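A, B, ... follow the sequence lines: proteins, then strands. Residue 1 opens every chain. In what follows, every heavy atom counts, from backbone to side chain, and hydrogens, waters and symmetry copies are set aside. From a predicted model like this one, the values you see are computed outputs, not experimental measurements.
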Amino acid sequence: MAATFSFASKPVDPAAETGRVADPACGGFVSFEGWVRDENEGQRVLGLDYEAYVDLAVREGERIVAEALRRFGVRHVRCVHRIGALSLGELAVWVGVSAPHRAEAFAACRYVIDEVKHRVPIWKKEHYAGGDSGWVNCERCAQPTAAGGQHDHAHHQGHDHGHAQPHAPAAVLPPSDYSRQKQLREIGEAGQERLRRARVLVVGAGGLGVPVLGYLAGAGVGVLGIMDGDTLSPSNLHRQTLYALGDVGQPKALLATRRLRALNPDVDVRPFVERATAASLAPLVGDYDVVVDCSDNFATAFAVHDAARQAGVAAVFASIYQYEGQLQVVRGGGAGSCLRCVWETATPDGVVGNCAEAGVLGPVPGVLGSLQAMETLKLLLDLPGTLTDEVLLVDLLSLETRRLRAPRNRACSQGCVRLGQQPAESVELRFASLDEVAAAGYLLVDIRNDDEVAGRPPPVASVHVPMQRLLDHPEIIEGRGRTVLMCARGSRSRGTTEALRARGLQTVWSLEGGLEAYLAEAGAAIGADSDA
Amino acid sequence: MTTVHVQYYAILREQARASRETVTTRAQTAAALYAELTARHGFTLAESLMKVAINGEFAPWASVLNDGDEIVYIPPVAGG
């Protein structure tokens, strides 16, 4: 696997470049070529010169190809950009991506060219027919619009949009201005600083996600993660107002990223072009202060919920049906009632209609998404009135709202999340020998009491934390990775493991059979050796 | 007989063709009333998929109905 970005001062040979991303593991190869076009903004272009601040540009370019490799799971990403004098029709930039399957290759290729045009500091001097010439800073003239960063000196294949974007010379953007919200007594400079340090993950960049993302970016939330594996469809546009018809077919996470970066360059927008699942969410959720579920199906909402609850991160849920919506805020740190306190398990998708099946009017997700943005800001700013242990029902035909109390389920303290997940996996692990525990990457924790340990010291390296002390202070092993608890026969360790899991520690297991099982085996093994 | 006010949301509203109605019933519990209303309106969602709130709070299906109760039957909703 490789991701490379480079500049070339001589003509680029596409065939040679293609050979550099060839890989027998790849069934798909997508390339993009940008060519020097003969016209720009009504002026005939005869040729142009490219200049780059090479050190900086290469570093940014390498970052982009590495992002593409990681985000789309492709095997090779290569981008070569020309510098120097180019004539009409000449190849200005080449991007090639190879991957096991075509879909990710297309998406990664599109991502690279869009990001390169937007982020890499390259300037071009256009030579016009009238004898004039002009410098254009690519980064600036790529003032993003919903239609993407394709301003075009280079003509890309399958040219799919016009040149409505003004090709004005670099205009210096004014700084982001939060004065209107800072004027609120509850916010001020301190509140604005809190928002700047805040990190919010938005799952789903559709009808609910669009207002959430727009308002949070506008408010100056420091980091905005966007997870969405879908591409834009024309039927989305009546309610997803961030996008344009010319964007159809492109990944929404990337479209939204481009729009939000243009809306507020202060915000660090991080796109994740993938479906939200337990596996994709688990490593991410802990990095955020609030997760906002803007998904359109039960399975995803519950995956978001469980990941957030396990990480102790607050989560804001909304869902809609035709003219109505529901809103629920689940507090961080395991406090309050959760989604599973209300709905024990995810309703099978398909039982009740989604937007495609049941229909929806555009402002409905607009209103519910705006409420999610509001609740998120209330959480981040510690404003009063947050929906707490409640579900809000909103009917936009009658304009009635209902705030229903949703008390915490008595079982929630023992883990609604765990109770709702099925089937329960075994908490017991068996190894070939005790040495295998560490070799397999587990920390071995001996939970026997002091006398037991003194009487029969463990034969391998382990950490000694007596059972009661561990139950009183589970934080001792929290964050230490995968942990195997060991007692004499495996029964105390199993009970302790179950108790810790109920408190949210999911990376703890019990050594089946306890120490005695392994001492017996070791003895047998020694006997066998001496026989041989 | 008990008289209660019933509010419908989402697919229930569609199937009942009304967002609320006042019902006088022999049903003793929220569950029994839902069964009665299902027979009348042809609700397609099983009770096990639904939630019920009584007087502003999520409540068990076995809750006993009292005159004047505000009953809200809430289907799950997933659109986004």
Q. Counting heavy atoms not belonging to B:Q28, are there more than 12 under 6.0 Å from its CD?
A. no
(Q) Using every non-hydrogen atom in the two residues, find where A:R405 and B:N55 come nearest and quote the distance to one decimal. (A) NH2-O, 3.6 Å
**Q.** Over all atoms of both residues, closest heavy-atom pair of A:Y321 and B:I11
**A.** CE2-N, 3.4 Å
Q: Any chance you could measure B:E14, atom CD, to A:Q322, atom CD, to the nearest 0.5 Å?
A: 4.0 Å
Q: Select one option (side chain, backbone, both, neither) describing which atoms of A:V342 are under 4.5 Å from chain B's heavy atoms.
A: both
Q: Report the option among A:L393, A:D395, A:D293 that has the most heavy-atom pairs separated by less than 4.5 Å from atoms of chain B.
A: A:L393
(Q) Report which part of B:A53 has an atom under 4.5 Å of a heavy atom belonging to chain A: side chain, backbone, both, or neither. (A) side chain
Q. Would you call B:V77 and A:E324 a side-chain contact if the rule is heavy atoms closer than 4.5 Å?
A. no
Q.
Rounded to the nearest 0.5 Å, what separates atom CD in B:Q7 from atom OG in A:S398?
A. 7.0 Å
**Q.** Option in A:P365, A:A346, A:P407, A:C341 with maximal non-hydrogen atom pairs under 4.5 Å from chain B
**A.** A:P407
**Q.** Residue pair B:I74 / A:Q326, side-chain heavy-atom distance below 4.5 Å
**A.** yes
Q: Check B:P76 against A:W343 and note the closest heavy-atom contact, atom names and distance.
A: N-CH2, 3.5 Å
Q.
Please classify the contact of A:A406 with chain B as side chain, backbone, both or neither, using a heavy-atom distance under 4.5 Å.
A. both
Q) Any idea which heavy atoms bring A:L404 and B:E57 closest together, and the distance? A) CD2-N, 4.4 Å
Q. Near B:F43 CZ, under 6.0 Å, is it more than 12 heavy atoms from other residues, nucleotides or ligands?
A. yes
